[in-house]
Number of protein chains: 2
Amino acid sequence: MNITIYDIAQQCNVSIATVSRVLNGSSRVSEKTRAFILQTMKDMGYKPNPFARGLGLDSMKIIGVICTDVADIFYAHAVSLLEDGLRQHHFDVMLSNTGTDTGRNSKYITDLTAKHVDAIITIGTPFSSEADIRQLQKVAETIPVITINSDYHQPNMYSVVCNEKEGMRSAVHALAKKGCQSVLYLYDALTYSGRHKLDGFREGIRELKLDASAKLIQQIPRTLAAAEAIIDRLIAADVHFEAILTSEDVLAVGAQRAALRHGHVLPVIGCNNSILAQCATPTLSSLDNKLANLCAAAVNLIIQLTETDGAAVPVRTEFNAELVERESFQSRP
Amino acid sequence: MNITIYDIAQQCNVSIATVSRVLNGSSRVSEKTRAFILQTMKDMGYKPNPFARGLGLDSMKIIGVICTDVADIFYAHAVSLLEDGLRQHHFDVMLSNTGTDTGRNSKYITDLTAKHVDAIITIGTPFSSEADIRQLQKVAETIPVITINSDYHQPNMYSVVCNEKEGMRSAVHALAKKGCQSVLYLYDALTYSGRHKLDGFREGIRELKLDASAKLIQQIPRTLAAAEAIIDRLIAADVHFEAILTSEDVLAVGAQRAALRHGHVLPVIGCNNSILAQCATPTLSSLDNKLANLCAAAVNLIIQLTETDGAAVPVRTEFNAELVERESFQSRP
DNA sequence: TTGTATGCGTTATCAG
DNA sequence: CTGATAACGCATACAA
């Protein structure tokens, strides 16, 4: 079997207690024996058993990360950033894809807590039903729960968000300054993030007294095809718009392509500032929601909450979005 | 503290052994007591402690997944597929991003095995140096190691690959049939996959006696900008090519865009058949390397190797690539 | 079918 | 500074 602290204790003529002490770095051990023990640990190729360690400490330094779909470029980027940050603090990441939010996703929470993860980070809105949120809240009583781009306003939960409402609002202002009088808004879902973006859009429209026609706000699936289809349909129906704003880059890509096919050259702004925006022709402007900042903040919270006593950590951390202008922004309506 | 089998044993007036038995489903327990125990487990909200369980079974049903970068759309998709498949068999996924292959990535292997994962799946080529591979081989003596799109030809390692060589070869044939006499090939790295694609390209060129000029094979970074730059440079240098083939969709996107900017309308074929190919205008043809099949096969291997005795599992599983034709393929040189 | 007793590898609490 | 020894929660060989 594997080699244990008993083996190296015996080899060093000490008790397992002292071995355990040098293992945990802490406590008082004579420099001489510590060095000796460390050496023989290397020599014998000793590796502490994580399960036994977990039993004693009730922790295996694992963080559960939950999102609806890592295949989505945005979540993938977030997971990548979180993984990198957490690894630097010797945490491992256990990934959980819920798929679309069915309202009965609490099993993913249960699964993760059953593994006794040290904390949970959610990205986006994997949970929206009352039941799921209640479950998440219950978990939060035991371990830190950090939500990126969500805010359940529950005790013991920490929220890290980008102010996308303000971002969308400023995007509308930017378009207006270009001379656009009517802006089409395409969105996919009313998640926390989705709702705020829509609110920001509406606020911008209202403030500037732009065309507030209901037809200029359309909800569609998060796919290229859906975006192209809706543009085709609106143009066929003679709906007039002088710019397009979307809740997601992929929608902007499809919308711009369809519009161009109809000869409509107009400013298009996506959201998330993913590589998709750069793949389109012309390249798409996009609202950057500062994912790197969000993830870094989440990692910091984890560290604070698990390694220190986490007395004074912010319940809510907020960043500003930033409009990244590209070719699509040069287009005049 | 948490509630244990002792608690429910006491509540049911049985020994912890019987409780443990119903927990493991196995063994012979009277249907009556089993039902009773199961009920009180529910009532008391009992959750088995994974660390204790791990100590006894030396397994926590966790699979380590390693790739260079989940932020990359291709790896992200793979991770998503693996996670879904493994979850259905009650495995959790522990993610490891190595970043670029530095040749000294074995620490990621060590980290993962230190957590006693049940198996390791690598995607792409996170390890290429002698030392790293040796380390991986050593791990393979203990747990199953499955490599997707790599083949180290080591004992106890299982390889799942797509025959991209043949795929690239057939792509060249398809272009030739369109009348192209000279094909530009752009690639980013000579990973296992990268090498085979290049080999397939070369073979196709040779077979059909197409233009085999060295200038028609270019290695560049895996970025849009790099692809655009090389096209600009080649055209400036009067290098003649009638079609473009790339090792990665993102390169195809950039290359097509740059070519179009110069007024060159020609067939462009990417690889991986990611959403990037569909975001380009015109939409890009792409060599689909059947990631879903690869991942499903990997999951199957894991199940066979961990749950059965895994006596007769294939050491190498191979799928064929498929050329997906889109608008970019209609373009005539 | 059920119970007893021991092992799994660490951590932590006592004494010395 | 160091050594016994008791948890930690569960699995299991051996008895009954």
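Numbered from 1 within each chain, the chains take letters A, B, ... in sequence-line order. Because the structure is a prediction, the values reported are computed rather than measured.
- As a whole-Å value, the separation of B:I16 CD1 from C:dT2 C1' is 13 Å.
- When distances run from any side-chain atom of A:S30 to the nucleotides C:dT11, D:dC1, D:dA11, the shortest one goes to D:dC1.
- The interatomic distance linking B:Q10 (CD) with C:dT4 (C1') rounds to 17 Å, in whole Å.
- The pair B:K290-B:E318 does not meet the salt-bridge criterion, since no charged nitrogen lies less than 4.0 angstrom from a carboxylate oxygen.
- We find that CG of A:L57 is positioned 13 Å from P of D:dG9, with the value rounded to whole Å.
- Position along DNA chain D of the nearest nucleotide to B:L55 versus B:T18 favours B:L55 as the more 5'-ward residue.
- A donor-acceptor pair is defined here as one N or O able to donate and one able to accept, closer than 3.5 Å; such a pair exists between the side chain of A:D7 and the backbone of A:T4.
- Computed from coordinates, the A:I5 CD1 to D:dC8 P distance equals 18 Å when rounded to whole Å.
- Here the rule is side-chain hydrogen bond (donor to acceptor under 3.5 Å, both in side chains) with B:T102, and of B:N105, B:T98, B:T100 only B:N105 fits it.
- Summarising the geometry, the separation between CG on B:D58 and P on C:dG7 is reported as 18 Å, rounded to the nearest angstrom.
- Side-chain proximity of B:N24 to C:dT10, D:dA11, D:dA4: nearest is D:dA11.
- The shortest distance between side-chain heavy atoms of A:Y152 and A:Y192 does not fall below 4.5 Å.
- Between B:S20 and D:dC10 there is no side-chain polar atom (N or O) within less than 4.0 angstrom of OP1 or OP2.
- The base of D:dC10 sits within donor-acceptor range of the side chain of B:Y6, with an N or O pair under 3.5 Å.
- For B:N13 and A:N49, each mapped to the nucleotide of DNA chain C holding its nearest heavy atom, the one lying further toward the 5' end belongs to B:N13.
- At a threshold of 4.0 angstrom between heavy atoms, the contacts of B:K32 with the nucleic acid are absent.
- Residue contacts shown for B:V19 are absent, as no nucleic acid heavy atom lies under 4.0 Å away.
- The salt bridge (charged side-chain N to carboxylate O under 4.0 Å, His left out) test applied to B:D111 returns A:R87, not counting sequence neighbours.
- If you take CD1 of B:I37 and C1' of C:dG3, they are 12 Å apart, rounded to a whole angstrom.
- Among the nucleotides D:dT2, C:dA12, D:dT12, the one closest to the side chain of A:T33 is D:dT2.
- Just one residue in the list A:I302, A:L301, A:I303 forms a side chain to side chain contact (heavy atoms under 4.5 Å, CB included) with A:V313, and that residue is A:L301.
- Using a 4.0 Å cut-off between a side-chain N of Lys or Arg and a carboxylate O of Asp or Glu, A:R316 and A:D151 qualify as a salt bridge.
- With D:dA4, C:dT4, D:dC10 as the choices, the nucleotide that has an atom nearest any side-chain atom of B:S15 turns out to be C:dT4.
- If you take CZ of B:R53 and P of C:dC8, they are 19 Å apart, rounded to a whole angstrom.
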Mind listing the N/O atom pairs, protein and nucleotides 13-16 of chain C, below 3.5 Å?
none

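- In this structure, the side chain of B:Q154 does not engage the main chain of B:Q137 through any donor-acceptor pair within 3.5 Å.
- One interatomic measurement links the two molecules: CD1 of A:I8 to C1' of C:dG9, which rounds to 13 Å at whole-angstrom precision.
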